[in-house]
*Asks:* 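Quick one: the structure is below, questions incoming.
Chain identifiers are assigned alphabetically (A, B, ...) following the order of the sequence lines, protein sequences preceding nucleic acid strands; residue numbering begins at 1 within each chain.
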Amino acid sequence: MQEKYQPNEIEHAAQAFWNTTQSFRATDDADLPGSKPKYYCLSMFPYPSGKLHMGHVRNYTIGDVLSRQHKMRGYNVLQPMGWDAFGLPAENAAIQNSVPPAQWTYDNIAYMKRQLQSLGFAIDWSREFATCQPSYYKWNQWLFLRMLEKGIAYKKTQVVNWDPVDQTVLANEQVIDGRGWRTGAVVEKREIPGYYLAITRYADALLADLDTLPGWPERVKTMQANWIGKSTGVRFAFPYASSGATEKLWVYTTRADTLMGVTFVAVAAEHPLAMRAAQNNPQLAAFIEECKRGSVMEADMATMEKKGMPTGLAVSHPLTGASIPVWVGNYVLMGYGDGAVMAVPAHDERDFAFAKKYGLPIKPVIAVAGETFSADCWQEWYADKERGRCINSDKYDGLDFDAAVSAIAADLKARGLGDTQVHYRLRDWGISRQRYWGCPIPIIHCPACGDVPVPDDQLPVVLPEDCVPDGSGNPLKKRADFINCTCPKCGTAATRETDTMDTFVDSSWYYARYCAADNDSAMVDARTNHWMPVDQYIGGIEHAILHLLYSRFWTKVMRDTGLVSHGEPFANLLTQGMVLNHIFSRRTEQGGLQYFAPDEVNLTLDDAGRTVGATAKADGLAVDYQGMGTMSKSKRNGVDPQSLIETYGADTARFFMMFAAPPEQTLEWADSGVEGAYRFLKRVWAFGHGIQASVLARPQLPAVLPEALATVRREVHLLLKQANYDFGKHQFNTVASAAMKILNTLEKMAPYAALSGHDGVRAECFSILLRLLSPLTPHIAHTLWRELGYGEDILAAPWPEPLEAALVRDEIELVLQVNGKHRGNLCIKVGADGTANRTAIEAAALASAEAQKYMDGKPPKKVIVVPGRLVNIVV
RNA sequence: GCCGAGAUGGCGGAAUCGGUAGACGCAGCGGACUCAAAAUCCGCCGCCGCAAGGUGUGGGGGUUCGAGUCCCCCUCUCGGCACCA
């Protein structure tokens with residue numbers, strides 16, 4: 001055994017051992033007698049962006065800690081890994097370096113795989129795949145065809161960002177302040193056809209089944225429920241006359257109780273009524289054109305200035321028959337509901353602002369006792385559903401929210417103008433992308449037969465891997481060998497669909513594929529039902545809604561297609577906090593953003609030491625400081641763990657990452673503290689080296705330990721108890737603290753070297769420390785376990801549990817308070833049951849010198865005793 | 001703007017059910033070892049104060065014998081907002 005801690009040496013040896021013994025190969029032995037319970041531990045697979053960053057290290061270390069601990073606790077653990085390999089960054093890299101996305105992606109995978117392996121993760125690599133492999137995405141296509149058959153997949157128009165210069169569709173990320181990131185051209189909205197998946201059909205199930213997921217964080221379930229946004233309201237129509245006939249303008253509202261307060265109706269720019277009005281109104285036509293530009297993003301829609309223009313048309317109030325003017329509003333979306341909203345300025349904040357701006361009437365129809373309505377400024381109570389009662393509403397006057405809604409809905413229904421309706425905020429999932437590097441949508445366009453699905457026996461539709469996108473549209477459009485085909489129905493010449501699927505499709509079922517990754521003839525098989533659902537899923541909180549919701553939806557579709565037996569993919573979810581770093585950028589001449597890595601700039605600090613700006617090291621010119629943000633390749637603020645691993649070893653990197661903060665917490669990156677983690681591991685090694693001979697001699701514990709040794713042993717078992725509790729909470733930073741405290745305790749044993757049982761206590765406690773550390777720092781734990789002769793393989797050792805016998809003590813320390821202030825401590829003898837008599841505690845407390853001093857001769861009014869914790873004397 | 005989370009010493013963080021605020025570590029300071037440095041080891045370390053003591057968990061208010069923890073209001077930071085993944 002080396003005297004000095006040599007991380008690189010022992011880490012290579014330990015990894016070679018795990019390789020040789022195939023330690024992390026998960027066996028599909030569900031039905032064998034005596035088989036272990038399964039534990040499917042999954043970390044979200046990475047996008048192969050080039051290098052790992054600290055967010056990856058954090059994510060995968062958390063998963064590895066849980067995997068290794070469960071393995072030691074006797075589970076059959078599956079921890080697979082793969083690659084979310086399709087996506088935009090590969091195309092961006094191609095534009096920059098003229099390298100085909102496929103080659104770039106596979107190179108990145110090779111590099112990142114080596115990095116993952118050097119961190120010593122307990123991964124079953126035999127199940128690895130990348131989503132850009134035809135053997136994987138074939139099944140995206142196959143299930144898409146099943147969805148098409150069931151009507152879950154369908155085609156309709158979608159609104160996209162269009163760059164008129166590059167003649168290409170832009171992702172939201174590529175639109176900066178309304179302009180294309182490369183061309184600087186003002187981005188237009190454009191309507192094009194695309195495929196949708198009817199996730200709204202599952203809205204109720206996706207909402208209701210959240211209650212079957214006790215292992216999910218409440219905040220994630222709340223976010224999903226709000227995203228689905230189930231509401232019960234009223235869909236009704238404003239009738240109007242049009243060329244002799246009566247037509248209906250439909251709207252949906254959750255505030256039907258305010259219907260008598262409607263003073264205008266707003267419709268989307270694309271609404272037929274708006275289009276009709278614009279035919280002989282050039283001003284309105286121009287405004288509609290203006291609305292059609294602008295952003296498609298919800299955040300922009302919500303923050304932009306609300307504008308409108310009258311159409312000159314009017315509709316009738318469905319109950320009073322009053323004439324209601326119709327406006328076009330830039331904040332009304334054609335894609336939501338019916339593309340029109342009723343406006344009640346008195347009781348909706350947005351309508352209030354709009355009415356004030358354009359001088360529209362405001363009619364209060366809700367009163368709250370003790371409040372006086374004034375149209376001068378908006379008050380929170382105007383929208384209060386709880387306390388409001390109807391006024392100025394004829395027969396509905398005096399009704400509360402529920403009664404008014406019911407009565408009004410009933411009256412609308414009686415007139416054939418509406419009814420109550422359940423509405424969801426959730427929209428269907430548009431999966432068509434006008435991009436090359438993705439899974440081809442298996443459709444053939446035939447001039448005679450229309451859109452024809454590719455027959456199953458012609459799957460997969462393979463994406464050619466040698467294209468190099470240049471930023472001007474999808475290169476598949478130029479590939480005759482891809483596009484040209486024959487119609488499966490009529491055999492005449494036809495063309496292939498060139499749109500590819502949203503990459504969220506790829507990540508919506510990869511966890512199921514790991515269980516049957518080698519199956520060439522089916523998407524999943526019986527092994528999937530054995531391993532699924534995932535017992536512990538770990539990934540960034542940024543995926544709380546989209547990825548997790550799409551995966552839940554996809555799983556339900558797979559279940560309803562008879563492929564799997566479960567309806568929820570992830571039994572337990574741990575949402576890891578983001579690892580943040582500073583973001584620096586500069587505007588380019590074209591109006592795009594150029595990002596600078598933190599090590600490429602010099603910081604400008606204010607008096608308080610906060611970062612307020614920076615200058616680029618390269619040219620000395622100013623760059624903008626954008627604050628802290630998630631580490632990502634596109635923002636160039638990722639920190640590569642490579643140098644950390646090379647300097648200190650994987651164990652230090654892992655330990656430091658776990659020690660830095662609890663997993664769910666956001667973490668601002670700083671590497672100060674890495675040295676401390678390294679120092680600790682060096683001390684662990686040195687201690688192990690120092691006691692090697694003694695432990696190899698297998699020292700025994702005497703029946704009765706001297707008090708000093710019993711105390712050491714009790715402290716270590718108490719720390720272990722705490723650490724096991726923290727493991728259960730996934731609070732690995734305090735597990736790391738406990739390990740440090742155990743070593744501190746053991747290092748203070750030196751004065752007791754001559755006492756009987758010293759070596760035995762030390763050997764027992766050090767074996768606890770090694771096993772506790774094993775999930776966090778597996779290499780050093782593995783090596784010392786063998787060197788000290790504890791066993792062949794620490795992974796096969798039982799997980800340590802505190803011994804009750806070691807925890808017993810005969811006195812406890814209580815905090816003494818006078819009037820709630822800490823004034824001293826009390827030592828009280830306890831009985832065999834570990835508790836002390838209450839009257840004895842009170843007597844001892846009142847008699848203590850500290851109590852006498854601070855009671856100042858006054859009689860005690862009350863004495864509060866919190867068992868095992870404190871005594872508070874109130875005077 | 002909407003939805004969700006967070007804020008504790010110079011820094012990362014701890015405090016399990018409302019019960020000793022600052023565990024553990026980093027940085028810093030002092031000392032030992034050394035020709036010297038590194039490494040290592042020992043000690044100190046929230047703020048004000050000579051001390052007694054007071055004060056202190058983003059800000060303001062409240063409940064309680066007792067609040068970092070519960071309630072109300074506010075500020076700031078982070079995540080998401082449907083084509084980044």
*Asks:* Counting just side-chain N and O atoms, does A:N226 come under 4.0 Å of either OP1 or OP2 of B:G4?
*Replies:*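 Yes, within the criterion.
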*Asks:* Find the partner of B:G1: check Watson-Crick (N1-N3 plus N6-O4 or O6-N4) and G-U wobble (N1-O2, O6-N3) distances, both under 3.5 Å, and reply none if neither fits.
*Replies:*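 When the pairing criteria are applied, B:C81 turns out to be the nucleotide that pairs with B:G1.
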*Asks:* Between A:L549 (CG) and B:A82 (P), how many Å, whole number?
*Replies:*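 Taking CG of A:L549 and P of B:A82, I get 14 Å after rounding.
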*Asks:* Between atom CD in A:Q158 and atom P in B:A82, what is the gap in whole Å?
*Replies:*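 After rounding, the gap between these two atoms is 14 Å.
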*Asks:* Distance under 6.0 Å and angle within 45° of the ring axis: does A:R823 meet both against A:Y854?
*Replies:*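 Satisfied, under 6.0 Å and within 45°.
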*Asks:* Does any non-hydrogen side-chain atom of A:T652 lie less than 4.5 Å from one of A:P7?
*Replies:*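 No - every pair of side-chain heavy atoms lies 4.5 Å or more apart.
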*Asks:* Name the closest nucleotide to the A:Q722 side chain, picking from B:G12, B:U16, B:A85.
*Replies:*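 Minimum distance to the A:Q722 side chain belongs to B:U16.
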*Asks:* Tell me which nucleotide among B:C84, B:G13, B:G1 gets nearest to the side chain of A:A661.
*Replies:*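 Nearest to the side-chain atoms of A:A661, counting from C-beta on, is B:G13.
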*Asks:* Given that both distances must come in under 3.5 Å, which nucleotide forms a Watson-Crick or G-U wobble pair with B:G6?
*Replies:*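 Because both required distances fall under 3.5 Å, B:G6 counts as paired with B:C76.
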*Asks:* Between A:N825 (CG) and B:G19 (C1'), how many Å, whole number?
*Replies:*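 So the CG-C1' distance, A:N825 to B:G19, works out to 13 Å.
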*Asks:* Do the charged groups of A:E305 and A:K357 touch, with an N to O distance under 4.0 Å?
*Replies:*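 Between A:K357 and A:E305 there is a salt bridge, with a charged N closer than 4.0 Å to a carboxylate O.
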*Asks:* Determine which nucleotide pairs with B:C35, using a 3.5 Å limit on both distances of a Watson-Crick or G-U wobble pair.
*Replies:*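 WC or wobble partner does not exist here.
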*Asks:* Strictly by modelled atom types, are A:N92 and A:Q96 linked by a side-chain donor-acceptor pair under 3.5 Å?
*Replies:*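 Judged by distance alone, the side chains do not pair up.
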*Asks:* Check every atom of B:G12, B:U20, B:C78 against the side chain of A:M628 and return the nucleotide holding the closest atom.
*Replies:*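 When the side chain of A:M628 is considered, B:C78 is the closest of B:G12, B:U20, B:C78.
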*Asks:* Tell me the interatomic distance from A:R427, atom CZ, to B:G80, atom P, rounded to whole angstroms.
*Replies:*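 It works out to 17 Å between those atoms.
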*Asks:* Quick check: on RNA chain B, is the nucleotide nearest A:Q434 upstream (toward 5') of the one nearest A:I541, or the reverse? Name the residue that is more 5'.
*Replies:*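 The residue mapped nearer the 5' terminus is A:I541.
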*Asks:* Reckon A:R679 has a side-chain N or O less than 4.0 Å from the OP1 or OP2 of B:C41?
*Replies:*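 For B:C41, neither OP1 nor OP2 has a side-chain N or O of A:R679 closer than 4.0 Å.
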*Asks:* How far apart are the closest heavy atoms of A:N59 and A:G540, and which atoms are they?
*Replies:*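 Heavy-atom minimum between the residues: OD1-N, 4.2 Å.
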*Asks:* So, OP1 or OP2 of B:G13: does either fall under 4.0 Å of a side-chain N or O from A:Q665?
*Replies:*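 Indeed, a polar side-chain atom of A:Q665 lies that close.
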*Asks:* Between B:U20, B:U16, B:C84, which nucleotide gets closest to the side-chain atoms of A:E813?
*Replies:*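 Minimum distance to the A:E813 side chain belongs to B:U20.
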*Asks:* Take the protein atom CG of A:L580 and the nucleotide atom P of B:G12, then report the distance between them rounded to whole Å.
*Replies:*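 From A:L580 CG to B:G12 P: 12 Å.
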*Asks:* Any cation-pi pair here, A:K306 with A:F354, using under 6.0 Å and within 45°?
*Replies:*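 The answer is no; the distance or angle limit is not met.
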*Asks:* Would you kindly give the CE-to-P distance between A:M301 and B:G80, to the nearest whole Å?
*Replies:*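 Atom-to-atom, A:M301 to B:G80, this comes out as 21 Å.
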*Asks:* Mind checking who B:G18 pairs with, Watson-Crick or G-U wobble, both distances under 3.5 Å?
*Replies:*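 Its partner is none (no Watson-Crick or G-U wobble pair with both distances under 3.5 Å).
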*Asks:* Test A:W509 against A:Y136 for ring-ring contact (aromatic ring centres under 6.0 Å, His included), laying out the working first.
*Replies:* CA-CA 10 Å; A:W509 69 283; A:Y136 180 77; 4.4 Å; yes
*Asks:* So does A:N744 get a side-chain nitrogen or oxygen closer than 4.0 Å to the phosphate oxygens (OP1/OP2) of B:G25?
*Replies:*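 Yes, such a contact exists.
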*Asks:* Examine B:A85: is either OP1 or OP2 under 4.0 Å from a nitrogen or oxygen in the side chain of A:T503? Give yes or no.
*Replies:*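 It does, given that an N or O in the side chain of A:T503 lies less than 4.0 Å from OP1 or OP2 of B:A85.
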*Asks:* If you measure from the P atom in B:G68 to the same atom in B:G62, how many Å do you get, rounded?
*Replies:*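 The answer is 15 Å between these two P atoms.
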*Asks:* Between B:U69 and B:C78, how far apart are the P atoms? Round to whole Å, please.
*Replies:*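 Between the two P atoms, the distance is 24 Å.
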*Asks:* Using a strict heavy-atom distance below 4.0 Å, which residues from residues 864-875 of chain A are in contact with RNA chain B?
*Replies:*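 A:I864, A:V866, A:R869, A:L870, A:N872, A:V874, in order of number.
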*Asks:* Taking the side chain of A:M223 as its heavy atoms from C-beta onward, which of B:G12, B:C3, B:G80 lies nearest to it?
*Replies:*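 For A:M223, the side-chain atoms sit closest to B:C3.
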*Asks:* Report yes or no: do A:T168 and A:D163 form a side-chain donor-acceptor pair below 3.5 Å?
*Replies:*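 Note: A:T168 and A:D163 side chains miss the donor-acceptor criterion.
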*Asks:* Round to a whole Å and report the spacing from CG of A:L546 to P of B:C81.
*Replies:*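 For the pair A:L546 CG and B:C81 P, the rounded distance is 6 Å.
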*Asks:* Would you say the side chains of A:D502 and A:Y550 form a donor-acceptor pair under 3.5 Å?
*Replies:*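 Distance-only check fails for A:D502 and A:Y550.
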*Asks:* Please state the C1' separation for the pair B:C29 and B:G10 - nearest whole angstrom.
*Replies:*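 My reading of the C1' atoms in B:C29 and B:G10 gives 13 Å.
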*Asks:* Toward the 5' end of RNA chain B, which comes first, A:M297 or A:A302, by nearest nucleotide?
*Replies:*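 Mapping each residue to its closest nucleotide by heavy atoms, the 5'-most match is A:A302.
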*Asks:* I want to know whether A:F659 and A:F732 have ring centres closer than 6.0 Å.
*Replies:*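 Ring centroids of A:F659 and A:F732 are no less than 6.0 Å from each other.
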*Asks:* In whole Å, measure the gap between the P atoms of B:C73 and B:C81 for me.
*Replies:*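 Here B:C73 and B:C81 have their P atoms 28 Å from each other.
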*Asks:* Roughly how many Å apart are B:C42 and B:G56, using the C1' atom of each and rounding to a whole number?
*Replies:*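 About 30 Å, rounded to a whole number of Å.
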*Asks:* Please determine if a side-chain N or O atom of A:Y854 lies less than 4.0 Å away from the OP1 or OP2 oxygen of B:G53.
*Replies:*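 Yes, because at least one side-chain N or O of A:Y854 sits under 4.0 Å from OP1 or OP2 of B:G53.
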*Asks:* Salt bridge between A:K221 and A:E218, side-chain N to carboxylate O under 4.0 Å?
*Replies:*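 Judged by the 4.0 Å cut-off on N to carboxylate O distance, A:K221 and A:E218 do form a salt bridge.
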*Asks:* Applying a 3.5 Å limit to both distances, which nucleotide forms a Watson-Crick or G-U wobble pair with B:G28?
*Replies:*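 Looking at the geometry, B:G28 pairs with B:C44.
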*Asks:* Nearest whole Å is fine: how far is B:U64 P from A:K861 NZ?
*Replies:*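 From A:K861 NZ to B:U64 P: 13 Å.
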*Asks:* Of all the choices, B:C65, B:G79, B:G1, which nucleotide is nearest to the side chain of A:E542 once you look at every atom?
*Replies:*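 When the side chain of A:E542 is considered, B:G79 is the closest of B:C65, B:G79, B:G1.
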*Asks:* Between A:Q576 and B:C78, does any side-chain N or O lie under 4.0 Å from OP1 or OP2?
*Replies:*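 For B:C78, neither OP1 nor OP2 has a side-chain N or O of A:Q576 closer than 4.0 Å.
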*Asks:* Could you give the distance separating B:C70 and B:A14 at their P atoms, to the nearest angstrom?
*Replies:*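 15 Å, rounded to whole Å.
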*Asks:* Choosing from B:C84, B:A21, B:G4, which nucleotide comes nearest the side chain of A:H822?
*Replies:*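 So the nucleotide nearest the side chain must be B:A21.
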*Asks:* How far, in whole Å, is B:C47 from B:C11 if one measures between their P atoms?
*Replies:*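 Each nucleotide's P atom is 11 Å from the other's.
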*Asks:* Using atom P of each nucleotide, how far apart are B:G30 and B:U63 to the nearest Å?
*Replies:*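 That atom pair is separated by 49 Å.
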*Asks:* Just N and O in the side chain of A:K821: are any of them under 4.0 Å from OP1 or OP2 of B:U55?
*Replies:*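 Yes, A:K821 has a side-chain N/O under 4.0 Å of OP1/OP2 on B:U55.
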*Asks:* Output the single nucleotide from B:C24, B:G25, B:G12 whose closest atom is nearest the side chain of A:A660.
*Replies:*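 Output: B:G12.
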*Asks:* Write down the protein N/O and nucleotide N/O pairs, taken from nucleotides 44-48 of chain B, whose separation is under 3.5 Å; answer none if there are no such pairs.
*Replies:*
none

*Asks:* Counting only side-chain N and O atoms of A:K682, is one of them less than 4.0 Å from OP1 or OP2 of B:A38?
*Replies:*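 Indeed not, no polar side-chain atom of A:K682 lies that close.
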*Asks:* Is the closest basic N to carboxylate O distance between A:D166 and A:R182 below 4.0 Å?
*Replies:*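 Salt bridge between A:D166 and A:R182, a charged N being under 4.0 Å from a carboxylate O: yes.
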*Asks:* From the list B:C81, B:G13, B:C24, which nucleotide is the closest neighbour of the side chain of A:W227?
*Replies:*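 In terms of side-chain proximity for A:W227, the closest of B:C81, B:G13, B:C24 is B:C81.
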*Asks:* Would you give me the side-chain donor-acceptor pairs under 3.5 Å for residues 672-687 of chain A, sequence neighbours excluded?
*Replies:*
| unit_1 | atom_1 | unit_2 | atom_2 | d |
| --- | --- | --- | --- | --- |
| A:E675 | OE2 | A:Y648 | OH | 2.9 |
| A:R683 | NE | A:E747 | OE1 | 3.4 |
| A:R683 | NE | A:E747 | OE2 | 3.3 |
| A:R683 | NH2 | A:N744 | OD1 | 2.6 |
| A:R683 | NH2 | A:E747 | OE1 | 2.8 |
| A:W685 | NE1 | A:Q2 | O | 3.0 |
| A:W685 | NE1 | A:E3 | O | 3.4 |
| A:W685 | NE1 | A:K4 | O | 3.4 |

*Asks:* Can you identify which nucleotide, out of B:G80, B:A23, B:G4, has its nearest atom closest to the A:K741 side chain?
*Replies:*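 Looking only at heavy atoms from C-beta outward on A:K741, the closest nucleotide is B:A23.
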*Asks:* So, does A:T630 get its side chain near the phosphate of B:G79, meaning an N or O under 4.0 Å from OP1 or OP2?
*Replies:*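 True: A:T630 side-chain N/O within range (under 4.0 Å) of B:G79 OP1/OP2.
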